[in-house]
Amino acid sequence: MLRHNGLFGLMAGLFLFLSTLPAQAQVQAPGFGLQDVAAMAQALAAKPYEDNLGQVPEVLKTISYDQWRDIRFVPEKSLWRADKLPFELQFFHPGLFYDRTIAVNVVEKNVPTRLAFDTGAFDYGKNNFATQIPTEMGYAGFRIHTAINTKNYLDEFLVFLGASYFRAVGKGQNYGLSARGLAIDTAEPSGEEFPFFKEFWIVKPGKKDKSITVYALLDSRRVAGAYRFEITTGAETMLDVESILFLREPVAKLGIAPLTSMFIFGENSNPRVSDDFRPEVHDSDGLMAAFDNNEWIWRPLQNPKSLSVNVFSAPNIRGMGLMQRDTDYANYLDLEAKYEARPSAWIEPKGDWGPGKLHLVQIPSPEEIHDNIVTFWAPDTNPQPGQPIAFDYRLRWAPPKRVTSPEGQVIFTRTGKGKTPNSRLFVLEFKGGKLEDLPDDAALDANVWVGMGGKLLEKRVYKNPVTDSWRLVFEIEPDSASALSMVLPDKRPSIEMRAILQHGVTPLTETWTYAIKL
C-alpha cells in the first residue's frame with residue numbers, strides 16, 4: 001500500500017499482511033479501528049457500485065426548504081446527554097437536498113452498535129408526514145456539541161452532512177467554508193463525481209476526554225475509502241485525519257483534502273459584481289500554501305466571469321488552506337452573516353505526499369448561497385484499481401492569526417484603472433515577518449513578474465505610515481502581441497502575475513500571485 005505517513009505505515013502494512021493469510025490463520029486486531037473500516041472499503045471497491053438513493057421515501061424528497069427546516073431535533077434526545085459526557089450528538093433528518101441516508105454506529109468498549117432511526121427524536125412542526133416515514137430509515141447526518149465558548153453550554157462545533165462534506169468552527173466563530181472527504185474529477189470535462197460517507201462509527205468518549213474519534217466509510221461509483229478523524233476542540237478545532245482509498249475504476253483527478261468555500265466580491269473586485277450595500281461578501285478571501293522549497297504563496301480569490309482553474313506544482317506540499325484573513329466587521333457590515341467571524345481552514349500533510357499539484361477552481365456565481373471556490377491537492381499518478389493509497393493530514397479550523405506564514409503577509413489587494421486607457425493599477429500591502437524589523441526608510445524593492453500577454457510599466461515600494469505596513473504599487477498593460485485582444489475581448493489572455501518584497505536579494509514576504517484579463 002502507498003502510505004503517506006511513516007508512523008502509521010507499520011500498522012497499515014500489518015493490516016495488508018494479515019489480509020493475505022488464510023481465514024483460519026488470521027489474527028483478529030484488538031478492538032475496532034481504521035483497519036476494520038479499510039477492510040470494508042476494500043471489499044466495497046471489489047464489487048459493483050450500489051447507490052442507496054432509494055432509502056429516502058418520495059414524500060421527503062419533494063418537501064420544500066421551509067418544510068425541511070421545520071423538522072427539528074429534540075435537544076433532550078441528544079446522545080450521551082444523560083451520561084453528562086463532554087460531547088453530545090444530534091442528528092439531521094433526511095429530505096429535500098439530503099436524499100441519501102447514513103448508518104451511524106456507536107463504539108463502546110471496542111464494540112460497535114448500530115443506532116436505530118428514531119422519529120421520536122424529531123419535532124416535525126407543521127408537517128403531517130411523520131407517519132409515512134419508515135422506521136428503518138437512516139439519518140442524513142449528525143453534529144457534535146461540546147463546550148468551546150463557555151464551560152456550562154455545549155456548542156455545536158462540527159457537522160457531517162451531505163455527500164462527504166463536513167465543517168467546523170473554533171471558539172467564537174461562525175460556520176463558513178466546508179471540507180470534503182474526497183473530490184473526484186473536479187472541473188473535468190467529464191463532470192465531477194461526488195463520493196459520500198455512507199456509514200460512521202463514533203467512539204463514545206470518557207467523562208474527561210478532550211477529543212472524540214469518528215470513523216467513516218466513503219463510497220462512490222469509482223472510489224471507496226476509510227477515514228479516521230481524531231477531533232480536538234478549543235481556541236481552534238483540529239481534525240487529525242487518516243485515510244485509505246481504493247479505486248474501483250480509474251479517475252482523471254483524485255482531489256485529496258478538498259476545501260469548498262464562497263467568494264462573491266471583495267476588496268479586489270472592481271467594479272462591484274452586484275449592487276449591494278456590503279463592501280465584501282465571502283467566506284474566504286485567499287488561498288495560502290507552503291511548498292517544500294520553503295516558498296509561501298498568497299492567491300487572492302476572485303469571482304470570475306468564466307470557469308477559472310489554476311494549478312501549482314506542489315510535490316510534498318507542506319501546507320494549504322482557504323483563509324479568511326480579513327476579520328474587520330467594517331469590511332462586511334453584515335450583522336446576520338458575520339463574515340468577519342468565519343474560520344480559516346489550514347491543512348498540514350503528515351509525511352511526504354509525493355509528486356503532485358495544488359488545484360484552485362473558481363466558478364462564476366451571482367449569489368452567496370453557492371459555494372464557488374474549491375481547492376485540493378492531486379497526486380501526479382493515481383493508484384490502479386484495487387491498489388490502496390493513503391493520505392494523512394491535520395485540518396485546523398482557526399482564526400487567521402493562529403495560522404500564518406512566517407514571512408511578511410499580503411494584507412490586501414486592490415486594483416483600479418491605470419494612467420492609460422488599457423492599463424491596470426495594483427496596490428498591495430504587506431505586513432509582518434521580517435518586515436517588522438526594518439526602519440521606515442529601508443530601501444525595499446519588489447520582484448514583480450508579469451506573464452504572457454502583459455508588461456510591467458512601473459513599480460514603487462514605500463512605507464505606509466498610517467497602517468505601519470509596506471505598500472507596493474505597480475501598473476501593467478497589454479503587450480503589443482495582445483493588441484488585437486483590445487478589439488476582440490473574447491481573445492484577451494488571462495495574465496498571470498507574481499510579486500514579492502525583498503531587501504537586496506533577501507525575500508521578505510510570501511509570494512503574491514494573481515491573474516487578470518485586461
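In this text, all values refer to a predicted model and were calculated from it rather than measured experimentally.
- Residues satisfying the ring pair (Phe, Tyr, Trp, His ring centres under 6.0 Å) test with Phe196, not counting sequence neighbours, are none.
- Side chains of Thr467 and Ser469: a donor on one and an acceptor on the other come within 3.5 Å.
- Partners of Ser190 by side chain to side chain contact (heavy atoms under 4.5 Å, CB included), not counting sequence neighbours, listed by chain and number: Asp185, Glu188.
- Across all non-hydrogen atoms, the minimal contact from Gln324 to Pro400 is O-CG, 3.2 Å.
- Glu242 and Tyr215 share no donor-acceptor pair across their side chains, judged by distance under 3.5 Å alone.
- For Asp292, the salt bridge (Lys or Arg N to Asp or Glu O under 4.0 Å) test picks out no residue, with sequence neighbours left out.
- Residue Lys171 qualifies as open at atom NZ: its count of foreign heavy atoms under 6.0 Å is 12 or below.
- Within the model, atoms CG of Asp479 and CG of Leu518 stand 9.5 Å from one another, a figure rounded to the nearest 0.5 Å.
- When every heavy atom of Lys434 is checked against every heavy atom of Leu508, the shortest pair comes out as CB-CD2, 3.9 Å.
- A tilted orientation is assigned to the rings of Tyr339 and Tyr332, their planes being inclined by 30° to 60°.
- Under the side-chain hydrogen bond (donor to acceptor under 3.5 Å, both in side chains) criterion, Tyr165 pairs with no residue at all, not counting sequence neighbours.
- Geometrically, Arg167 engages Tyr175 in a cation-pi contact defined by less than 6.0 Å to the ring centre and at most 45° from the axis.
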_Determine whether Leu360 and Val311 satisfy the following criterion, side chain to side chain contact (heavy atoms under 4.5 Å, CB included), listing intermediate values before the conclusion._
CA-CA 6 Å; Leu360 174 64; Val311 181; over 6 Å; no
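- A donor-acceptor contact under 3.5 angstrom links the side chains of Thr415 and Arg424, judged on distance only.
- Donor-acceptor pairing under 3.5 Å is lacking for the side chains of His370 and Glu368.
- In this structure Phe166 satisfies the ring pair (Phe, Tyr, Trp, His ring centres under 6.0 Å) test together with Phe160, Phe229, sequence neighbours excluded.
- Looking only at atom types and distance, the side chain of Glu429 has a donor-acceptor partner in the side chain of Asn464 under 3.5 Å away.
- A donor-acceptor pair shorter than 3.5 Å cannot be found between the side chains of Ser269 and Gln302.
- Listed here is the closest heavy atom pair of Asp240 and Lys350: OD1-NZ, 2.8 Å.
- Of the N and O atoms on the side chains of Ser405 and Glu510, at least one donor lies less than 3.5 Å from an acceptor on the other residue.
- Screening Phe412, Trp298, Phe474, Phe430 against Trp512 for a ring-ring contact (aromatic ring centres under 6.0 Å, His included) leaves a single residue, Phe474.
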Tabulate below the donor-acceptor pairs under 3.5 Å that side-chain atoms of residues 442-452 make, not counting sequence neighbours, or state none.
none

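- Between the side chains of Thr513 and Arg498, no donor-acceptor pair is found at a separation under 3.5 Å.
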